[in-house]
> 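Here's a structure for you.
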There are 2 protein chains.
Amino acid sequence: MAMQRVSGVRLNEINVPRLFLYHRALTALRDAGVNVVTSEALAEFCANDVTPTQIRKDLSQLGTWGRRGHGYEVSGLLEMLARLLGLDQDWRIAIVGFGYLGHALATFLSYREERFRIAALFDRAPDVVGQRWKDLTVRHVDDLEGALREQGGVDIAVLAVPAKAAQDVADRVVAAGVGAILNFVPVALHLPRRVFARNIDLAGELSILTHHLTGPE
Amino acid sequence: MAMQRVSGVRLNEINVPRLFLYHRALTALRDAGVNVVTSEALAEFCANDVTPTQIRKDLSQLGTWGRRGHGYEVSGLLEMLARLLGLDQDWRIAIVGFGYLGHALATFLSYREERFRIAALFDRAPDVVGQRWKDLTVRHVDDLEGALREQGGVDIAVLAVPAKAAQDVADRVVAAGVGAILNFVPVALHLPRRVFARNIDLAGELSILTHHLTGPE
DNA sequence: AAATGTGAAGAGGTTCACAGCG
DNA sequence: CGCTGTGAACCTCTTCACATTT
């Protein structure tokens, strides 16, 4: 009988991205009509240097989801990972800074129907505030607290504002009760411990590439 | 006498992002008129959980750049890091997929003057091809090889196209001689070993946040 | 027979504690 | 004395090899 664990698993943190890879691969496999998959086949499908052993190790930390001599049932594993990653529920997202990047993220996230709901848009520029996007209107950043309160708050804030505005905006979304931040601004945000943040540093990513291109000289 | 190493340092890979953080912090310090900085002060400035010990360890791998009892000379360290990361030279970048995301990246990169030159733009949509952006014209993806050849090629390709087009585009930029790829498309690209790639997975990043928000249940 | 689950070994990166130098 | 540079201990994640189960 399968051991259905997965309650409050405090994962190794570092392999959460990998679990998401598995989730994506399994989704594709399910849509292709595959019912059972081995760790070897799944690793092949994930490509990016994932090994069968690693998959088994990762999954075994979450309980017993495979059948020896057989493989993993796609649907059950998928459901478990979705619950673990929080992808089985809707999340309300506010995008602060509705320039090209903010716009791109809004479009991208609403396009890929993945339970991420754009719930509020903010900017500071006069010609952007008031703009409509789908059924939303871009509000002024100065109204952030009020606008969020009057519509029930959001779970996640995406920051795509100029560097000098970032800490102020961060403080305010935190005060408004946001639980997590996806930060595209290349500054080190000071946040209370309870707020979880991921930083995406585009210039940093490029410089990793240029470092490699520079090569061994 | 300072040991001026830094030739073909094959770094630990994993700490390249951290070296870039140092570079950014040192740039800010230099602009603020600071000449000398200790590992402790630099760590404070970098925030993000960087420790003084880690900074010293990282830097010592690159030679002797500090003075005991004194600290590190900002300008010398900055110059060394810039050279190491390849930030002391210009890089030509092609953006493939000129939707909101491609547009955002072009704007972002050209705005922050960091030696990244947008050298070519590609798309497939009829209403985007032919569009002008600064002194560039968006070319059709089908002309990719020719367009790149006729203007000397590029060093880095940024992929911001639909998932199903990604592998094809990747194959073609590689054939056109690109040395590195910044990939925003959530697919596992198959690339020759000589091409270095970084993947930025926006949905993946968000799911890390939602995992944390789901918390210990 | 086939493929998972896992203790043990290994590798890699971080932290410690202090020696070394200016 | 102050701060860097660094071997050693430590810790965490990965890989191996094989016992285990269907």
Side-chain angles (χ1 to χ4, degrees), chain A residues 1-6 9-22 25-26 29 34-74 76-78 80-81 208, chain B residues 1-6 9-22 25-26 29 34-74 76-78 80-81 208:
Chain A
M1 71 203 79
M3 195 228 294
Q4 303 275 336
R5 209 188 309 162
V6 161
V9 208
R10 231 353 70 226
L11 295 162
N12 277 8
E13 293 298 317
I14 282 184
N15 50 19
V16 175
R18 220 159 45 217
L19 294 179
F20 182 75
L21 273 186
Y22 305 160
L26 288 165
L29 289 169
V34 177
N35 290 320
V36 174
V37 69
T38 66
S39 58
E40 192 175 349
L42 186 56
E44 178 107 2
F45 203 89
C46 290
N48 275 22
D49 313 316
V50 182
T51 65
T53 305
Q54 199 163 41
I55 290 180
R56 293 203 301 276
K57 197 64 153 183
D58 285 343
L59 295 181
S60 73
Q61 285 183 13
L62 307 174
T64 299
W65 296 94
R67 263 172 60 199
R68 303 188 190 215
H70 188 244
Y72 298 88
E73 197 211 335
V74 171
L77 199 50
L78 198 44
M80 182 275 283
L81 287 175
I208 294 170
Chain B
M1 72 205 76
M3 193 228 295
Q4 304 274 337
R5 207 188 311 163
V6 162
V9 208
R10 230 355 70 223
L11 295 163
N12 278 7
E13 292 299 316
I14 282 186
N15 52 18
V16 175
R18 219 158 47 217
L19 294 179
F20 182 76
L21 273 186
Y22 305 159
L26 288 165
L29 288 169
V34 177
N35 291 319
V36 175
V37 69
T38 65
S39 58
E40 191 175 349
L42 186 55
E44 178 107 4
F45 203 89
C46 290
N48 277 21
D49 314 314
V50 183
T51 65
T53 305
Q54 199 163 40
I55 291 180
R56 292 203 301 277
K57 196 69 154 181
D58 286 342
L59 295 181
S60 73
Q61 286 184 11
L62 307 174
T64 300
W65 297 95
R67 265 169 60 198
R68 304 190 190 214
H70 188 245
Y72 297 88
E73 197 210 337
V74 172
L77 197 51
L78 199 44
M80 181 276 282
L81 287 174
I208 294 170

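For the numbers below, each heavy atom of this structure counts, side chains included, while hydrogens, waters and symmetry mates do not. The structure presented is a predicted model; accordingly, all values stated were derived computationally and were not measured. Each chain gets a letter, A, B and so on, in the order its sequence line appears, and its residues count up from 1.
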> Per the salt bridge (Lys or Arg N to Asp or Glu O under 4.0 Å) rule, what does the pair list look like for residues 37-51 of chain A, sequence neighbours excluded?
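Counting only pairs at least two positions apart or across chains, no salt bridge (Lys or Arg N to Asp or Glu O under 4.0 Å) contact touches residues 37-51 of chain A.
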> Could you tell me how far apart B/Leu62 (CG) and D/dT6 (P) are, to the nearest whole angstrom?
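To the nearest whole Å, that distance equals 11 Å.
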> What is the minimum heavy-atom distance between B/Ala25 and B/Phe45, and which atoms define it?
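What the structure gives for the nearest pair is CB-CD2, 3.6 Å.
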> Determine: side-chain N/O of A/Ser39 to OP1/OP2 of C/dT4, distance under 4.0 Å, yes or no.
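Yes, A/Ser39 has a side-chain N/O under 4.0 Å of OP1/OP2 on C/dT4.
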> Determine the contact category for B/Thr38: base if any of its heavy atoms lies under 4.0 Å from a base atom, sugar-phosphate if only primed atoms, P, OP1 or OP2 are that close, otherwise nothing.
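The answer is sugar-phosphate, as B/Thr38 gets under 4.0 Å only of primed atoms, P, OP1 or OP2.
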> Whole Å only: how far is the CD1 atom of A/Ile55 from the P atom of D/dC13?
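For the pair A/Ile55 CD1 and D/dC13 P, the rounded distance is 18 Å.
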> Does OP1 or OP2 of D/dG2 have a side-chain N or O of B/Tyr72 closer than 4.0 Å?
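Answer no for this pair, as no side-chain N or O of B/Tyr72 is under 4.0 Å from OP1 or OP2.
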> Starting at CD of B/Gln61 and ending at P of D/dT4, how long is that distance when rounded to a whole Å?
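My rounded result for the distance is 16 Å.
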> With respect to the side chain of A/Gln54, which nucleotide from D/dA8, D/dT15, C/dT6 is positioned closest?
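From the listed options, D/dT15 comes nearest.
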> Go nucleotide by nucleotide along DNA chain D from the 5' end; which of B/Lys57 and B/Gly69 gets its closest nucleotide reached first?
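It is B/Gly69, whose closest nucleotide lies nearer the 5' terminus.
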> For the pair made of NE2 in A/His70 and P in C/dA1, what is the distance, rounded to whole Å?
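So the two atoms are 19 Å apart, to the nearest Å.
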> Once side-chain hydrogen bond (donor to acceptor under 3.5 Å, both in side chains) is applied, do any residues pair with A/Glu73, and if so which ones, sequence neighbours excluded?
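Once residues adjacent in sequence are excluded, the partners of A/Glu73 under the side-chain hydrogen bond (donor to acceptor under 3.5 Å, both in side chains) criterion are A/Ser75.
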> Closest heavy-atom contact between A/Pro52 and A/Ala43?
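Looking at all heavy atoms of both residues, the shortest contact is N-CB, 3.7 Å.
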> Flag the pair B/Gln61 / B/Asn15 as yes when at least one side-chain heavy-atom distance between them is below 4.5 Å, and no otherwise.
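Yes, at least one pair of side-chain atoms sits under 4.5 Å.
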> Roughly how many Å is it from CG in B/Leu42 to P in D/dC3, rounded to a whole number?
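Taking CG of B/Leu42 and P of D/dC3, I get 14 Å after rounding.
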> Below the 4.0 Å mark, does C/dT15 have OP1 or OP2 next to a side-chain nitrogen or oxygen of B/Thr51?
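Answer is yes, contact under 4.0 Å.
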> Report, one pair per line, the protein and nucleotides 18-20 of chain D atoms (nitrogen or oxygen only) whose separation is under 3.5 Å.
unit_1: D/dT20; atom_1: O2; unit_2: A/Arg68; atom_2: NH1; d: 2.7

> Atom CD of A/Glu40 to atom C1' of C/dT4: distance rounded to whole Å?
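My rounded result for the distance is 13 Å.
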> Would you list the pairs meeting salt bridge (Lys or Arg N to Asp or Glu O under 4.0 Å) in which at least one residue belongs to residues 54-64 of chain B, sequence neighbours left out?
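Qualifying pairs: B/Arg18-B/Asp58.
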> Report the distance from atom CG of B/Asn15 to atom C1' of C/dT15, rounded to the nearest whole Å.
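Taking CG of B/Asn15 and C1' of C/dT15, I get 15 Å after rounding.
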> Using atom CG of B/Asp58 as one end and atom C1' of C/dT15 as the other, report the distance to the nearest whole Å.
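From B/Asp58 CG to C/dT15 C1': 13 Å.
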> Sequence neighbours excluded, which residues qualify as side-chain hydrogen bond (donor to acceptor under 3.5 Å, both in side chains) partners of B/Thr38?
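Per chain and number, B/Thr38 pairs via side-chain hydrogen bond (donor to acceptor under 3.5 Å, both in side chains) with no residue.
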